[in-house]
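Quick note: numbers below take in every heavy atom, side chains included, and nothing from hydrogens, waters or symmetry partners. Along the sequence shown, the residues carry numbers beginning at 1. In this text, all values refer to a predicted model and were calculated from it rather than measured experimentally.
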Amino acid sequence: MARTEFEALYGGAAGGGKSDALVIEALRQVHIPHYKGLILRKTFPQLSELIDKSQRYYPKAFPGARYSETNHTWKFPSGAKIRFGSMQYTKDRLNYQGQAYDYIAFDELTHFTLEEYMYLISRCRPNGPGTICYVRATANPGGVGHGWVKERFITAGAPMQPIIEEIEYVDDKGKVHTAKRSRVFVPSTVFDNPALLQNDPGYVESLASLPQAERNALLYGNWDTFSGQVFTEWKNDPSHYEDRHWTHVIDPFVIPKDWSVWCAMDWGYSKPFSVGWYAVDYDRRLYRIREYYGCTGTPDVGVKMEPAEVARKIKEIEATDPNLKGRDRIHRVGDPAIWGTQGTESIGALFERERVYFEKGNHDRIDGKMQIHHRLAFDENGIPLLYVFKTCKHFIRTVPALVYSESNVEDVETASEDHIYDECRYAAMKNPISMRPKAPEKKKEYDPLSTDTYSPYQWYMKY
């Protein structure tokens, strides 16, 4: 609550008092008559706990405060207001169009998409003189927004260290201006909340008894494994890059000339397009050796390039990349949707005008997903059937963060940043394999310095 950055995320594990912090923080400026605050959850029923907290705190802090059940808004003696809102669907963001809030808070930010978040923070602006405008959020690992939240707050900088972003814009006179925006990640665990530990000593044990992925996320605040993660087989251990055991990410190397190479593409315009090149060895193992991802730098935002321009760039990469140039043939497979047309020339035809030809990919989502599972699985020696060069940073960023769909529990959530996953499916379906016997899990010896073998009490005493 003492942070001064424009954006701050308080999160990680469960039990850190995150929701209380959001509700109380909203009170900071209610002495200013024109102040307006907004506290959000994804759906309105999820707001009930936050509203209950506000009804417990607000009348005690400001006896004249009154809550309206009709518009879910608190009005304070000064005239200031705090509203509780939701945004179940992306289109619901337009319900906030034209409105201004001095304080905006997102509870469980990973339930929101980046598009929803960025639109709402554009509503964070002063309603009059003297207010401070800022955004606060809480989150646990997991959910449809896990990937972009991790990218924006967790991997962008060290905890408690401000992340400074430069923003450039042009005014109506053509003058270029540069501004700076700051954000920060404040880590949270149950051990930051001694009142909870005192009132409910068994809460830590409840978190510790959860399955491993949930335990790592909710007890220790681990953003690499979480509930709902699709590809739980994924491992990215830099210490293993050279020996290639028990990791999917490896150092680049020179691909033998007699290995076949596939180029797979998932098309996007306002959303990113993804082009990936895969080498296939004698054991039908895939190596993702190069990627070309049409993203602005903001997760899941496309660069809006024309197909002809993308096709020319593909040819340029294949003519210059040491592992691609000089090959007699590179097989290509593409998103079958690029051959669709509404009376105009299809995307596929526009690529063919540049002499870049793709076969139609197999779009069977469940079979394709299982092919990725088969390839990510390790054998008894720790060797998978899919490796990724460490230079393919967007694959490493997006694919492990994919979550399951709530409407189709066997499939990947299509609202997440799944474009690289889709083109990987097309390549895998052109080189199908059978499931290998699952490698037996190695029994871990007790290690008193490992979080996996700590009792919650040991963890608490250590920190």
Side-chain angles (χ1 to χ4, degrees), residues 1-12 15-41 46-68 71-87 96 99-109 112 117-139 149 152-153 159-165 179-188 192-196:
M1 294 174 74
R3 303 302 305 192
T4 58
E5 291 81 9
F6 176 67
E7 301 170 63
L9 173 68
Y10 181 45
K18 301 186 296 297
S19 299
D20 294 80
L22 284 190
V23 171
I24 296 296
E25 179 63 33
L27 293 173
R28 188 180 294 276
Q29 303 181 80
V30 295
H31 61 285
I32 302 175
H34 48 263
Y35 165 78
K36 289 183 181 179
L38 174 65
I39 300 176
L40 290 157
R41 278 296 302 260
Q46 295 170 338
L47 279 168
S48 59
E49 182 184 0
L50 296 177
I51 293 173
D52 289 345
K53 289 179 184 294
S54 73
Q55 291 174 335
R56 186 161 65 247
Y57 299 141
Y58 289 3
K60 293 181 180 179
F62 295 88
R66 295 291 181 266
Y67 179 69
S68 169
N71 54 23
H72 316 297
T73 300
W74 281 93
K75 188 172 182 179
F76 293 83
S78 69
K81 296 177 181 178
I82 297 175
R83 174 185 175 186
F84 289 85
S86 61
M87 190 164 47
Y96 302 94
Q99 301 183 35
Y101 297 95
D102 306 272
Y103 170 79
I104 298 179
F106 295 81
D107 196 35
E108 296 298 347
L109 184 59
F112 295 82
Y117 177 73
M118 296 305 293
Y119 183 85
L120 259 294
I121 69 172
S122 73
R123 307 297 94 197
C124 189
R125 55 191 184 185
N127 281 286
T131 61
I132 301 171
C133 297
Y134 57 107
V135 177
R136 295 293 179 261
T138 68
V149 172
R152 186 172 184 84
F153 290 98
M160 305 298 290
Q161 297 300 313
I163 303 159
I164 307 299
E165 181 181 9
K180 292 184 178 180
R181 276 271 177 91
S182 59
R183 59 183 184 270
V184 70
F185 170 58
V186 179
S188 159
D192 297 316
N193 193 348
L196 174 60

> Give a yes or no on whether a salt bridge exists between D107 and K18, defined as a side-chain N under 4.0 angstrom from a carboxylate O.
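Looking at D107 and K18, the cut-off is not met.
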> So, taking the atom named NZ in K81 and the one named CZ in R66, what distance separates them when rounded to the nearest 0.5 Å?
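Those atoms lie 15.5 Å apart.
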> Side chain of N193, backbone of G15: donor and acceptor closer than 3.5 Å?
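Between the backbone of G15 and the side chain of N193 there is a qualifying donor-acceptor contact (under 3.5 Å).
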> Please answer whether the main-chain N or O of P129 pairs with a side-chain N or O of H34 as donor and acceptor at a distance below 3.5 Å.
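Looks like yes, one N/O pair under 3.5 Å.
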> Any side-chain heavy atom of I82 sitting closer than 4.5 Å to one from Y103?
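I82 vs Y103: side chains apart.
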> Using only atom types and a distance under 3.5 Å, with no angle test, would you say the side chain of Y58 pairs donor to acceptor with the backbone of F76?
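Judged by distance alone, no pair lies under 3.5 Å.
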> Considering all heavy atoms of both residues, which atom of L109 and which atom of A139 are nearest to each other, and what is their separation?
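Shortest heavy-atom contact: N-CB, 4.0 Å.
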> Look at atom NZ of K75 and say whether more than 12 heavy atoms of other residues, nucleotides or ligands are closer to it than 6.0 Å.
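Atom NZ in K75 is not crowded, with 12 or fewer foreign heavy atoms closer than 6.0 Å.
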> On the six-membered ring of Y119, is R123 placed so that its NZ or CZ lies under 6.0 angstrom from the centre and within 45° of the ring axis?
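Because its charged atom sits under 6.0 Å from the ring centre and within 45° of the axis, R123 does stack over Y119.
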> Heavy atoms only: give me the nearest A65-P77 pair and the separation to one decimal.
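Where A65 meets P77 most closely, the heavy atoms are N-CD, 4.0 Å.
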> Taking all non-hydrogen atoms of both residues into account, name the closest pair between E5 and P162 and its distance.
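Scanning both residues completely, I find the closest heavy atoms to be OE2-CG, 3.3 Å.
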> So do T4 and Y134 actually touch side chain to side chain, heavy atoms under 4.5 Å?
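No - every pair of side-chain heavy atoms lies 4.5 Å or more apart.
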> For the backbone of I132 and the side chain of Q29, can you confirm whether one donor and one acceptor N or O come within less than 3.5 Å of each other?
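Yes; judged by distance alone, with no hydrogens or angles, the pair exists.
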> How far does OG1 of T131 sit from CZ of R28, to the nearest 0.5 angstrom?
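It comes to 13.5 Å.
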> Side-chain contact, heavy-atom cut-off 4.5 Å: Y96 with Y101?
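Yes, side chains in contact.
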> Supply the atom-to-atom distance K36 NZ to I104 CD1, rounded to the nearest 0.5 angstrom.
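Reported to 0.5 Å precision, the distance equals 12.0 Å.
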> Can you name the closest pair of heavy atoms from S86 and L40 and give their distance?
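Heavy-atom minimum between the residues: N-CD2, 3.8 Å.
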> For the backbone of E108 and the side chain of T138, can you confirm whether one donor and one acceptor N or O come within less than 3.5 Å of each other?
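Checked: pair present.
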> Are the side chain of R183 and the backbone N or O of R152 linked by a donor-acceptor pair below 3.5 Å?
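Judged by distance alone, yes, a pair lies under 3.5 Å.
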> So Y67 and I51, do their side chains get closer than 4.5 Å, heavy atoms only?
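In short, these two side chains touch, coming nearer than 4.5 Å.
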> With side-chain contact (heavy atoms from CB on, under 4.5 Å) as the test, would you mind laying out the steps for R3 and M160 before giving the verdict?
CA-CA 9 Å; R3 303 302 305 192; M160 305 298 290; 3.7 Å; yes
> Is there side-chain contact between L27 and F62, with heavy atoms separated by less than 4.5 Å?
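Sidechains of F62 and L27: in contact.
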> So L47 and H72, side-chain contact (heavy atoms from CB on, under 4.5 Å) or not? Walk me through it.
CA-CA 10 Å; L47 279 168; H72 316 297; over 6 Å; no
> Decide yes or no for F6 and C124: does some side-chain heavy atom of the first lie under 4.5 Å from some side-chain heavy atom of the second?
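Touching, per the 4.5 Å side-chain cut-off.
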> Within a strict 4.5 Å, meaning less than it, do heavy atoms of the P59 and W74 side chains meet?
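Side-chain contact under 4.5 Å: yes.
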> Please report the C-alpha distance between S78 and Y35 in whole Å, then the side-chain angles of each, then the deciding distance to 0.1 Å, and finally whether the side-chain contact (heavy atoms from CB on, under 4.5 Å) criterion is met.
CA-CA 9 Å; S78 69; Y35 165 78; over 6 Å; no
> Working to the nearest 0.5 angstrom, can you tell me the gap between R181 CZ and I164 CD1?
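Separation between the atoms: 12.0 Å.
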> Of the non-hydrogen atoms in K53 and S19, which two are nearest, and what is the gap between them?
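Here K53 and S19 meet closest at CE-CB, 3.8 Å.
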> Check the pair N71, R83 against side-chain contact (heavy atoms from CB on, under 4.5 Å), reporting the backbone distance first and the verdict last.
CA-CA 8 Å; N71 54 23; R83 174 185 175 186; over 6 Å; no
> What I'd like to find out is whether the side chain of V135 reaches to under 4.5 Å of the side chain of F106, using heavy atoms alone.
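V135 reaches F106 side chain to side chain.
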> Classify the side-chain pair Y117/E7 by whether it contains a donor and acceptor separated by less than 3.5 Å.
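Indeed, the side chains of Y117 and E7 share at least one donor-acceptor pair under 3.5 Å.
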> If I compare all heavy atoms of S188 with all of Y10, which pair ends up nearest, and what's the gap?
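Answer, listing the atom of S188 first, then Y10: CB-CE1, 3.3 Å.
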